[in-house]
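Here the structure is laid out as structure tokens; the discussion comes afterwards.
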Amino acid sequence: MRLPECVRENVSLAPMTTFGIGGPARWLAEPADRRALAEALSFARGAGARIKIMGGGSNVLVSDAGIDAMVVRLSPKGEFGVMEQDPDDPLAWTVGAAVGLQALVGATAREGIEGLEFLAGIPGSAGGAVAMNCGSAENGIGRFVLQAEVCRPDGTFAEMGPAELAFSYRRSGLGGSIAVRVLLRFDKVGDPEKVLDRMREYRERKRAGQPLAIPSSGCIFKNPPGDSAGGLIDRAGCKGMREGGAEVSSLHANFIVNQDNASCRDVVTLACRVRERVEREFGIVLEPEVALWGEAKDFGCFGGHGHVDK
Ligand code: EPU
């Protein structure tokens, strides 16, 4: 079978993740338009390959052995990288899934659109942010999503509305569909200077409280209902705990940082130790917030309870 133009074989995923960890993908597809995306998916079907969708690579831990699948990463070089404010309705924005989340946050703020300031400083792509309803503990980007244009695994395109998208804490109903473009609708236009100030405030707060300069995948565990994973890990005395090149951040305990060429194995071993300590101290079992890509055996107790994405 001929390899489509946008597909490469055996490509290391580590440089594509903010963690800087992980082995190769059997195939990596980087389509810049819908036709190329459908072609890549058709190739994957022919090869019997699983599909994994990567946004900005900021919320994924890839196994050291890599992943026997086709990873699809939409290229921002074509239609997926375009963002537009509706000229007749300034509150309506159509945003390509490969647009950077910070480009979106900045562009809306400059137009005085209120609502996305709380996402300032979060890496990743707009599509990835929507797929996992990224945000803070109580607020997610999903509340602004009116519609998502998606590519189904069979290569057909469809539209999904809020009922089907069913956003909840760090979840959406996208399932195996790939969001290629989203329609966002905001509530209010205000003074751009004030919105930009709020955006900067959020960014500064994040910079002060999170180790943003060191490679990581952001928060490693989900917040358990009504509690804070970072607070629990901190009180269990885990800050500074180390395994190989991986370390529990001393700034924010729910970050495992890649201090020195950490392997996926280092991170997994450390996360299991943290999880066990928190369970012993408080009787609470933490669940991974980061997507785990690889075989279940590569993630040990960290990937228990079916958290490894197959
Ligand atoms: N805390 C500690 N020690 C720590 C870290 C936190 O005691 O080392 C305490 C804080 O003092 C605070 C509470 O825990 O009272 C909550 O901490 P924080 O305000 O940092 O928020 P969070 O619940 O830990 C959530 C998201 C973050 C997001 C922030 C924005 C989750 C798992 N985390 O963090 O998301 O940036 O809110 O406010 O939902 C991510 O998804 O990767 C991520 C970093």
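Ligands are counted one by one from 1 in listed order, and the atoms in each one are counted from 1 as well.
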Identify all N/O pairs between ligand 1 and the protein with a separation under 3.5 Å and present them as a table of atom names and distances.
{"from": "ligand 1", "atom 1": "3 (N)", "to": "Asp234", "atom 2": "OD2", "distance (Å)": "2.8"}
{"from": "ligand 1", "atom 1": "8 (O)", "to": "Lys239", "atom 2": "NZ", "distance (Å)": "3.3"}
{"from": "ligand 1", "atom 1": "8 (O)", "to": "Ala253", "atom 2": "N", "distance (Å)": "2.8"}
{"from": "ligand 1", "atom 1": "14 (O)", "to": "Ser228", "atom 2": "OG", "distance (Å)": "2.9"}
{"from": "ligand 1", "atom 1": "20 (O)", "to": "His252", "atom 2": "NE2", "distance (Å)": "2.9"}
{"from": "ligand 1", "atom 1": "23 (O)", "to": "Asn223", "atom 2": "ND2", "distance (Å)": "2.8"}
{"from": "ligand 1", "atom 1": "24 (O)", "to": "His252", "atom 2": "NE2", "distance (Å)": "3.1"}
{"from": "ligand 1", "atom 1": "35 (O)", "to": "Arg170", "atom 2": "NH2", "distance (Å)": "3.1"}
{"from": "ligand 1", "atom 1": "36 (O)", "to": "Gln210", "atom 2": "NE2", "distance (Å)": "3.0"}
{"from": "ligand 1", "atom 1": "39 (O)", "to": "Tyr169", "atom 2": "OH", "distance (Å)": "2.7"}
{"from": "ligand 1", "atom 1": "39 (O)", "to": "Arg170", "atom 2": "NH2", "distance (Å)": "3.1"}
{"from": "ligand 1", "atom 1": "41 (O)", "to": "Arg170", "atom 2": "NH2", "distance (Å)": "2.8"}
{"from": "ligand 1", "atom 1": "41 (O)", "to": "Glu289", "atom 2": "OE2", "distance (Å)": "3.3"}
{"from": "ligand 1", "atom 1": "42 (O)", "to": "Cys219", "atom 2": "N", "distance (Å)": "2.7"}

Minimal heavy-atom distance between Gly55 and Ser125, with the atoms involved, is CA-OG, 3.4 Å
Here the pair of heavy atoms bringing Val145 nearest to Pro162 is O-CG, 4.2 Å
Note, Glu30 side chain near Arg8 side chain (heavy atom, < 4.5 Å): yes
Is there a path of hydrophobic side-chain contacts, each under 4.5 Å between heavy atoms of I/L/V/M/F/W/Y residues, joining Val290 to Leu174? no
| task | Would you mind reporting whether Trp93 and Arg185 have side-chain heavy atoms less than 4.5 Å apart? | result | no
Next on the checklist: Quick check on Glu5: does its CD atom have over 12 non-hydrogen neighbours (other residues, nucleotides or ligands) under 6.0 Å away?
Outcome noted: no
